[in-house]
Structures are given as C-alpha cells and as structure tokens.
K.L.:
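Please see the structure below; I have some questions.
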Amino acid sequence: DTAVSQTPKYLVTQMGNDKSIKCEQNLGHDTMYWYKQDSKKFLKIMFSYNNKELIINETVPNRFSPKSPDKAHLNLHINSLELGDSAVYFCASSRNPRTDMNTEAFFGQGTRLTVV
Amino acid sequence: AQSVSQHNHHVILSEAASLELGCNYSYGGTVNLFWYVQYPGQHLQLLLKYFSGDPLVKGIKGFEAEFIKSKFSFNLRKPSVQWSDTAEYFCAVSVYGSSNTGKLIFGQGTTLQVKP
C-alpha cells in the first residue's frame, strides 16, 4: 500500500490554465505538507496543514491555494499557471510536530508539472 | 534565518570507495536532522534520522551519519559505495519552538555518481 500518494504523476499544461494536484495519505498522520523542487533540485516548503488547519504558509503566490477537506487529504490548486511554476511538487505527511518532536516526514512520489 | 549547507554538489566515486558527504546547518535551538535520498525519477526516501541520544546514527543500506553539535554538522558516510547508490542526497533540518515547527529545511543536494 502506498503511504502517501499523489495524482497525477505528470502534468503538462498551457500557460494561463488552472490545475489541481491531489494528495492522500493512509498513515493516520495529522500533518501534511507541500514542497516544491525546482529545476536545480532545490526543495522548499510551500504549505503545511495540521488536521485541516493551515499552520505554515511560506511566501507563495496567491495563485497557489491548498485545500484540506480532511486530515488525510491535502490538495494543491494552482490558478493562471506560469512558465516558472514548472517544477516537481511533493506532498508529505507526518505526525503532528507540535505534539511529537520526534517525527519524520513521508513523501509522495511527486508530480512533475510542466507549463508550456 | 535557518539554513542548511551541503559541501559537495557533485561527487563521482568508483564502486567500493568510501563516501562522506558534508552537511552543516545554522540554527542555535533544538533541531532534528535527516538525510533523504532520491533515486532517479523517484520520491524522497528517508536514509536516516537523528532526534537525540547517540550522535552516531545508522540508517538503511549501510549508511551512517554523525551529529557534531559543536560544529553544527551532520555528515553522511558509507564505507563502501555501490553502483546502486547513484542518486541525489539531501540533508534536512527541522526546527522547533517557532511557528514553523515541523518545517523541513533542505540543503541544496549532492549528486552522487558511482561508476561500476
């Protein structure tokens, strides 16, 4: 069973379109994250949710909007896609780090987004 | 601001050679330390982690790392690499006691190429 699963794995779309990436975890974790890996493979956090509540919101354009319908799901919606949004987006989950310091993040397989 | 620095961007080794990848972080408070590996086209997998206790930690596939608090370092080692170790290696730190608790801060990654 896949612990953290993302769909789709690949996404090619034109500039200006709106797209969503879905993420689900079956680990029973309270906290979920979105990370972006750029073309130089640098990874940076975008958002973190704990039990549907936004707790980390890095400096990310407003075109990016996370949605967490329940604690097992964290979707990422991107409006008006730009060329610079091309990257690999990783979803991750962990136990709540605010109550459990010794927790590690489990990552999904990534979604490679290409904006043309 | 917290940061993580990996000393080597691209390392090329022959099989059976020893490996050491450097990682330093800048943060004076409580941290957890991780090494993740990303095989070509795959997701991030946890190699090993340090939360507390023995500063020498052992991970999967024969990897180990040593936490030296005075040097703010967490270097990754393997006595004898294999061709299958060819991958991207990321050092990461999570900090506590702030609004960003649980956030992983990644180094820029090291590409390891092992020649058969």
Side-chain angles (χ1 to χ4, degrees), chain A residues 2-7 9-10 21 23 25 27 29-51 53-60 74 87-112, chain B residues 1-6 8-11 23 29-54 57 59-60 65 67 74 87-113:
Chain A
T2 303
V4 183
S5 60
Q6 298 177 225
T7 53
K9 189 171 182 180
Y10 299 97
I21 306 171
C23 179
Q25 54 95 3
L27 296 168
H29 290 158
D30 289 323
T31 306
M32 296 184 72
Y33 312 82
W34 278 108
Y35 285 84
K36 179 181 179 180
Q37 185 175 43
D38 64 21
S39 58
K40 295 184 179 180
K41 299 195 175 180
F42 182 66
L43 281 147
K44 188 174 180 186
I45 193 166
M46 300 173 70
F47 302 102
S48 172
Y49 269 74
N50 184 68
N51 201 10
E53 177 189 356
L54 180 67
I55 56 173
I56 294 176
N57 185 353
E58 292 289 288
T59 308
V60 176
L74 180 61
V88 181
Y89 293 84
F90 285 99
C91 178
S93 74
S94 74
R95 294 189 301 275
N96 184 355
R98 294 183 172 183
T99 56
D100 185 352
M101 284 180 61
N102 297 342
T103 184
E104 65 199 66
F106 293 80
F107 284 80
Q109 76 273 29
T111 296
R112 182 174 294 276
Chain B
Q2 303 97 9
S3 66
V4 178
S5 176
Q6 292 181 234
N8 319 95
H9 295 291
H10 197 160
V11 174
C23 174
T30 303
V31 295
N32 287 348
L33 299 156
F34 307 87
W35 275 97
Y36 282 89
V37 62
Q38 186 177 26
Y39 297 104
Q42 295 191 26
H43 66 290
L44 290 157
Q45 300 174 39
L46 184 67
L47 266 182
L48 46 76
K49 59 194 177 190
Y50 174 81
F51 293 144
S52 63
D54 189 344
V57 293
I60 61 172
F67 171 48
F74 190 55
E88 194 80 19
Y89 292 80
F90 293 95
C91 180
V93 168
S94 62
V95 301
Y96 290 90
S98 73
S99 60
N100 287 328
T101 288
K103 166 184 171 181
L104 278 172
I105 301 165
F106 284 89
Q108 64 270 48
T110 297
T111 302
L112 172 64
Q113 184 182 352

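Residue numbers begin at 1 in each chain, while the letters A, B, ... track the order of the sequences.
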K.L.:
Determine, stepwise, if the pair F90(A) / H43(B) fulfils side chain to side chain contact (heavy atoms under 4.5 Å, CB included).
P.N.:
CA-CA 8 Å; F90(A) 285 99; H43(B) 66 290; 4.1 Å; yes
K.L.:
If you count heavy-atom pairs within less than 4.5 Å of chain B, which of K40(A), Q109(A), K44(A) leads?
P.N.:
Q109(A)
K.L.:
Between Q38(B) and chain A, which part of the residue has a heavy atom less than 4.5 Å away: side chain, backbone, both or neither?
P.N.:
side chain
K.L.:
I'd like to verify something: which residue of Q45(B), Q42(B), E88(B) has the highest number of heavy-atom pairs under 4.5 Å with chain A?
P.N.:
E88(B)
K.L.:
Between L43(A) and L104(B), does a side chain to side chain contact (heavy atoms under 4.5 Å, CB included) hold up when you go through it step by step?
P.N.:
CA-CA 9 Å; L43(A) 281 147; L104(B) 278 172; over 6 Å; no
K.L.:
With sequence neighbours left out, what residues match L54(A) under side chain to side chain contact (heavy atoms under 4.5 Å, CB included)?
P.N.:
F47(A), Y49(A), N57(A)
K.L.:
Check whether any side-chain heavy atom of E104(A) sits under 4.5 Å from a side-chain heavy atom of F34(B), and report yes or no.
P.N.:
yes
K.L.:
For T111(B), is it the side chain, the backbone, both, or neither that has a heavy atom closer than 4.5 Å to a heavy atom of chain A?
P.N.:
neither
K.L.:
Taking all atoms of both residues into account, what is the closest heavy-atom pair of Y35(A) and F106(B), and its distance?
P.N.:
CE2-CE1, 3.7 Å
K.L.:
Before giving the answer on side chain to side chain contact (heavy atoms under 4.5 Å, CB included), spell out for N32(B) and N102(A) the whole-Å C-alpha distance, their side-chain angles and the decisive distance to 0.1 Å.
P.N.:
CA-CA 8 Å; N32(B) 287 348; N102(A) 297 342; 4.2 Å; yes
K.L.:
Does D38(A) have any salt bridge (charged side-chain N to carboxylate O under 4.0 Å, His left out) partners at least two apart in sequence or in another chain, and if so, which?
P.N.:
none
K.L.:
Quick one: what part of L46(B) sits under 4.5 Å from any heavy atom of chain A, side chain, backbone, both or neither?
P.N.:
side chain
K.L.:
Flag the one option from T31(A), V88(A), I45(A), T103(A) with the top tally of heavy-atom pairs under 4.5 Å to chain B.
P.N.:
T103(A)
K.L.:
Can you confirm whether K103(B) sits close enough to E58(A) that some side-chain heavy atom of one is under 4.5 Å from a side-chain heavy atom of the other?
P.N.:
yes
K.L.:
Using non-hydrogen atoms only, which part of Q37(A) is less than 4.5 Å away from chain B: side chain, backbone, both, or neither?
P.N.:
side chain
